[in-house]
Amino acid sequence: MAYDDLREWIKKLDKSGELKRVREEVDPILEMAEIADRAAKLGKGTAKAGGPALLFENVKGYPGTSVLMNQFGSEQRMKLALEVDSLDEVAARIEELMHPKTPTGLLDKIKMLPKLAEVGGFFPKTINAKDAPCKEVILRGADVDVLKFPVLQCWPGDGGRFITLPCVITQDQKNNKRNMGMYRMQVYDGQTTGMHWQRQKVAAEHLRDAMRANAATGAERVEMMAETAGGTVASATHSIALTKIKDQRMEVAVVVGTDPALTFSAIVPAPPEVEEFIIAGFLRQSPVELVQCETVDLQVPAHAEIVLEGYVELGELRTEGPFGDHTGFYTMEDEYPVFHITCITHRKNPVYAATIVGKPPMEDAWMGKAVERIFLPLMRLTLPEIVDVNLPPEGVFHNLMIVSIRKSYAGHARKVMNGIWAMGQAMFTKIIIVVDEDCDVQDLAEVVLRTTNNIDPERDIQFTMGPVDSLDHASRLPNYGSKMGIDATRKWKAEGFTRPWPEMLTMPAEIKTKVDGMWKKLGIE
């Protein structure tokens, strides 16, 4: 049964022993971030890594408002969020949707009908405003002030306070499809924030399309936005921005605090033609309920805690940053679009959902690992030879990908590297290591052993140039630099390797089984 809203999710966390209620007074300026950082790193390197979810109930300067942090910060909570016993269950459902069994008779066709009906149930539905909890309080005009909510400053060098979980949905002007992404928002004052649209993201492209469609902005403005609209994306979960063009503006609505499946949907690398509301419906096995906004022609999740309505002025830029990012370093200042807030609606005594990013592992590490497991089937659509993938949190996801493959021909590892670099957001991957299918890519010790033993560096390392993540402070130019692929597979004669290739050390299965049976009696452990 899907969680209706953030509050029902909090009840589940509490009942499951996954929530810590913090009743001491805590300041949203730095203090909450430090506590959440420590909690996220509890049990580091163990099976119980992650620490509890945190509900700050006594927020300094904000009576009546609580703050939820680290809600996704462990493997167990990611499974609870998606209501599965294993993340591979979701992957299996995706696999079944992509590769349905061909019906061979009338009975098989009848059996498919419930599946087709299930897919139809993923689409969002609209409800009346009177039934929408997010409309309990409506603020307009002089009452509009986003700083009425406990927006965090996470690191001392940050440029200010940031809404750290913004998920921005833009609307494609060509086909009206909505796209929900995750972009942090620096608060400049009560009515304006930054809109951190990374240039390679769909939202930035939609903004450029809007400028191209509006002749008054001029070609120079379009070129400027192509260079500046979008640099980086921080881990995020609680705002959804739906946009349309209106004169010189793109209308935007930002929601803060939703049910966990909807929040998680904002970070998934979905194909542009698939709306994230549909992905959320698929994950939660129930449609997302939407409601019409007050001042913009958009719809937002009806059960959200907070909704910010407004617009982005075409061509308007403002300095944003620095920001302590998930790389463990500050992302420097840059120019980004500006979000103007025209109306705020929220629930009574709202729960403000937030996160902190920084040196891994943190909450975003578990969200990223969930994406890795769930969307492995989508990678296999293009590269079916892939056995498994590991995006280690310490590689901050876009810096290192380890891939195991069923090697079938000479140069196969290099084919896979190039295929990954041509695959959506995977184009940013700085280092790809390819190993054979019998290597467990989740075992980093095994990967290091294979890599260091199996390569001749000059022969097996290749470099290529292309787009890199905006967070890459080491690249020779912003957003453009080099990437490295390492072929750590066994080398074949067809690849010019004529020496014998030794076998790895393994013990016979029967010996392992026998020792397993006597292990406890030995008293060694």
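In this structure, a donor-acceptor pair under 3.5 Å is absent between the side chains of Lys20 and Asn70. A side-chain donor-acceptor contact under 3.5 Å links Glu320 and His196. Side chains of Trp366 and Glu75: a donor-acceptor N/O pair is absent below 3.5 angstrom, by distance only. Using modelled atom types and a 3.5 Å distance limit, the side chains of Thr355 and Glu363 yield a donor-acceptor pair. Gln462 and Arg414 are linked by a side-chain donor-acceptor pair at a separation below 3.5 angstrom, with hydrogens and angles left out of the test. The closest side-chain donor-acceptor pair between Thr319 and Glu335 falls under 3.5 angstrom.
By the 6.0 Å and 45° rule, Lys407 stacks over the aromatic ring of Trp492. In this structure, Arg93 forms a cation-pi arrangement with Phe282, its terminal cationic atom sitting closer than 6.0 Å to the ring centre and no more than 45° off the ring axis.
Remark: Ile524 CD1 is packed, more than 12 non-hydrogen atoms of other residues, nucleotides or ligands lying under 6.0 Å away. The environment of CE in Met465 is crowded: more than 12 heavy-atom neighbours from other residues, nucleotides or ligands sit within 6.0 Å.
Taken to the nearest 0.5 Å, the CZ atom of Phe162 stands 10.0 Å off from the OG1 atom of Thr193. To the nearest 0.5 Å, the span separating CD1 on Ile356 from CE on Met32 amounts to 12.0 Å. How far CG of Leu68 is from CH2 of Trp9: 9.0 Å, rounded to the nearest 0.5 Å. In this structure, the separation between OH on Tyr3 and CZ on Arg284 is 11.0 Å, given to the nearest 0.5 Å. Atoms CE and NZ, from Met362 and Lys44 in turn, are 11.0 Å apart once rounded to the nearest 0.5 Å.
Between Ala33 and Cys154 the shortest heavy-atom distance is CB-O, 3.4 Å.
Ion pairing between Lys415 and Glu385 holds under the 4.0 Å rule for side-chain N and carboxylate O. The residues Arg450 and Asp438 are annotated as salt-bridged, a charged nitrogen and a carboxylate oxygen being separated by less than 4.0 angstrom. The pair Asp388-Arg373 meets the salt-bridge criterion, with a side-chain N (NZ, NE, NH1 or NH2) lying under 4.0 Å from an Asp/Glu carboxylate O. Between Asp460 and Lys491 there is a salt bridge, since a side-chain N of the basic residue sits under 4.0 Å from a carboxylate O of the acidic one. The residues Glu437 and Arg406 are annotated as not salt-bridged, no charged nitrogen and carboxylate oxygen being separated by less than 4.0 angstrom. For the pair Lys41 and Asp37, the salt-bridge criterion is met [side-chain N within less than 4.0 Å of a carboxylate O]. Electrostatic pairing of Asp325 and Arg184 counts as a salt bridge here, judged by a charged N lying under 4.0 Å from a carboxylate O. A salt bridge between Lys79 and Asp85 is absent, with no side-chain N of the basic residue lying under 4.0 Å from a carboxylate O of the acidic one.
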(message) ring-ring contact (aromatic ring centres under 6.0 Å, His included) for Tyr330 and Phe323? Distances and angles first, verdict last.
(response) CA-CA 5 Å; Tyr330 285 100; Phe323 178 73; 8.6 Å; no
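A donor-acceptor contact shorter than 3.5 Å is absent between the side chain of Glu316 and the backbone of Val312.
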